[in-house]
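Worksheet for the structure shown next.
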Number of protein chains: 2
Amino acid sequence: MNKSDEYSSSEQLWLENQICFPLYAVSRMVTKLYTPLLADLDITYPQYLVLLVLWKEDHLSVNEISSLLYLESNTLTPLLKRMEQKNLVRRRRSQLDERKVIVSLTPDGKGLQEKAACVPQSIVNQMSTDEVSLQEVQSFKQTLTKLMHLLNENNNRNRDELTD
Amino acid sequence: MNKSDEYSSSEQLWLENQICFPLYAVSRMVTKLYTPLLADLDITYPQYLVLLVLWKEDHLSVNEISSLLYLESNTLTPLLKRMEQKNLVRRRRSQLDERKVIVSLTPDGKGLQEKAACVPQSIVNQMSTDEVSLQEVQSFKQTLTKLMHLLNENNNRNRDELTD
DNA sequence: TATTAGTTTATCGTGTGCGATATAAATATA
DNA sequence: TATATTTATATCGCACACGATAAACTAATA
């Protein structure tokens with residue numbers, strides 16, 4: 001173990017020595033960066049994520065969206081209903097399997113893709129500075145992605161253990 | 001600019017090429033890791049964060065907690081009231097400045113520190129694997145902390161621009 | 001084919017987060 | 001000292017997140 005990783009029991013309970021707190025804080029701060037940009041499109045950040053996956057592949061079931069975004073149906077169902085109210089998507093029960101609800105883009109929902117094209121660059125510009133190099137951002141993203149898959153498997157394992 | 005950073009306008013709108021999505025997903029997944037551990041203490045993750053800062057320094061105003069956790073008063077006020085209901089903290093108007101509300105630990109709130117001592121190690125154990133080295137976690141945390149301060153200044157700047 | 005088990009989505013309740021705004025106290029200024 | 005400005009919390013409304021659970025449908029099996 002590295003010397004710098006040794007903390008006393010009480011020091012471990014200091015905010016500065018925790019890794020999860022900055023993760024939590026930065027996540028909220030980044031969402032705040034998106035807010036004014038997405039307000040122009042009259043959508044929220046989670047709604048933007050749903051549009052991102054549908055722009056890549058349309059006509060996905062709630063379950064498929066759930067798997068891609070790691071969001072549960074109890075979050076997605078009301079969120080998708082709000083998007084349906086705004087005429088961005090349509091929700092239809094599948095003919096082949098009446099349990100499934102297929103979510104499809106409306107012309108309005110498709111149309112937002114062009115208006116959103118400038119969003120990613122605007123975010124990247126706001127996040128990159130002299131203090132954080134592109135190289136650093138790249139490896140940061142790699143770690144994030146590894147953690148995402150790791151923790152997702154962890155969550156799935158914990159959930160399955162309970163039902164066993 | 002690095003070759004690998006060049007994306008077309010439409011590729012920038014792919015989930016896999018975004019850095020903010022894994023940030024958002026990992027943040028939620030990590031909170032899920034805490035949930036069963038904190039459930040034993042009958043607290044939530046944001047409530048745990050409040051306790052962390054009070055264990056380090058007791059008798060903080062709402063504003064001071066707000067600055068440390070980057071949470072607004074409209075989030076903290078009801079959260080602190082719930083903690084007061086559970087007899088973890090006391091909320092008292094300052095004698096010197098009646099605008100300020102001083103938050104102090106009760107004996108119950110202090111007592112939780114011992115029971116929470118094992119929480120950080122449990123989280124670290126669940127997050128560290130062969131795939132993510134300690135070295136990697138260290139630099140990941142450094143980038144996170146830099147981003148946290150950067151984005152906070154950014155947010156403060158944007159807020160002040162509107163009132164000017 | 002009748003029953004059981006599994007899958008998919010939805011509902012309910014609680015707890016955040018935050019933009020906009022209100023309220024009250026303290027400070028600054030005319 | 002009366003008034004305006006600033007500061008510190010609180011209130012309101014809306015949109016997530018998610019654990020627990022229900023309801024509807026399909027698949028598996030006796």
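Quick caveat: nothing in here was measured; it's all calculated off a predicted structure.
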Report the distance from atom CG of A/Asn74 to atom P of D/dA20, rounded to the nearest whole Å.
-> 11 Å
To the nearest angstrom, how far is B/Leu69 atom CG from D/dT9 atom P?
-> 14 Å
Could you check whether B/Thr35 gets within reach of a base, just the sugar-phosphate, or nothing at all, counting any heavy atom under 4.0 Å?
-> nothing
If you take atom types as modelled and just measure distance, does the side chain of A/Arg99 reach the base of C/dT7 with a donor-acceptor pair under 3.5 Å?
-> yes
Kindly indicate whether the side chain of A/Trp55, heavy atoms from C-beta on, has any atom under 4.5 Å from the side chain of B/Trp14.
-> no
Contact nearer the 5' end of DNA chain D, comparing A/Lys86 with B/Met29 | A/Lys86
Test salt bridge (charged side-chain N to carboxylate O under 4.0 Å, His left out) applied to A/Glu72 - qualifying residues, sequence neighbours left out | B/Lys32
Out of D/dA17, D/dC25, C/dA10, which nucleotide sits closest to the side chain of A/Pro46?
-> D/dA17
Determine the contact category for A/Leu79: base if any of its heavy atoms lies under 4.0 Å from a base atom, sugar-phosphate if only primed atoms, P, OP1 or OP2 are that close, otherwise nothing.
-> sugar-phosphate
Determine the interplanar angle of the B/Phe21 and A/Tyr70 rings, folded into 0 to 90°, and report it as parallel if under 30°, tilted if 30 to 60°, perpendicular if over 60°.
-> parallel
What's the CG-P distance between A/Leu151 and D/dC18, to the nearest Å?
-> 13 Å
Can you tell me how far C1' of D/dA20 sits from NZ of B/Lys32, to the nearest Å?
-> 13 Å
Round to a whole Å and report the spacing from CG of A/Leu33 to P of C/dG19.
-> 11 Å
Between P of D/dC16 and CG of A/Leu49, the distance in whole Å = 10 Å
Counting only side-chain N and O atoms of A/Thr44, is one of them less than 4.0 Å from OP1 or OP2 of D/dC16?
-> yes
Does D/dA8 have OP1 or OP2 sitting under 4.0 Å from an N or O in the side chain of B/Arg93?
-> no
Using the ring-ring contact (aromatic ring centres under 6.0 Å, His included) rule, pick out the option among A/Tyr45, A/Tyr48, A/Tyr24 that qualifies with B/Tyr24.
-> A/Tyr45
Which nucleotide in the set C/dT8, C/dA26, D/dA15 lies at the smallest distance from any side-chain heavy atom of A/Lys100?
-> C/dT8
Across the strands shown, which category fits B/Thr75 at heavy-atom distances under 4.0 angstrom: base, sugar-phosphate, nothing?
-> base
Should the pair B/Arg93-B/Glu98 be classified as a salt bridge under the 4.0 Å nitrogen-to-oxygen rule?
-> no
Nearest-angstrom distance from the residue atom CD of A/Gln95 to P of D/dC25 = 13 Å
Indicate whether OP1 or OP2 belonging to C/dT9 is found under 4.0 Å from a side-chain N or O atom of A/Asn63.
-> yes
Looking at CG of A/Leu76 and CG of A/Leu49, how far apart are the two atoms once the value is rounded to the nearest 0.5 Å?
-> 10.0 Å
With sugar-phosphate meaning primed atoms plus P, OP1 and OP2, does B/Ser73 contact a base, only sugar-phosphate, or nothing at under 4.0 Å between heavy atoms?
-> base
B/Ser94 or B/Glu72, whichever maps to the more 5' nucleotide of DNA chain C | B/Glu72
Do the side-chain N or O atoms of B/Arg91 get closer than 4.0 angstrom to the phosphate oxygens (OP1, OP2) of D/dA10?
-> yes
Does B/Thr31 place a side-chain N or O at less than 4.0 Å from the phosphate oxygens OP1/OP2 of D/dC18?
-> no
Of the nucleotides C/dT16, D/dA10, D/dC18, which one has an atom closest to the side chain of B/Arg28?
-> D/dC18
Report yes if a side-chain nitrogen or oxygen of B/Lys81 is closer than 4.0 Å to either non-bridging phosphate oxygen (OP1 or OP2) of C/dT16; otherwise report no.
-> no
Round to the nearest Å and state the distance from A/Leu41 atom CG to D/dA15 atom P.
-> 16 Å
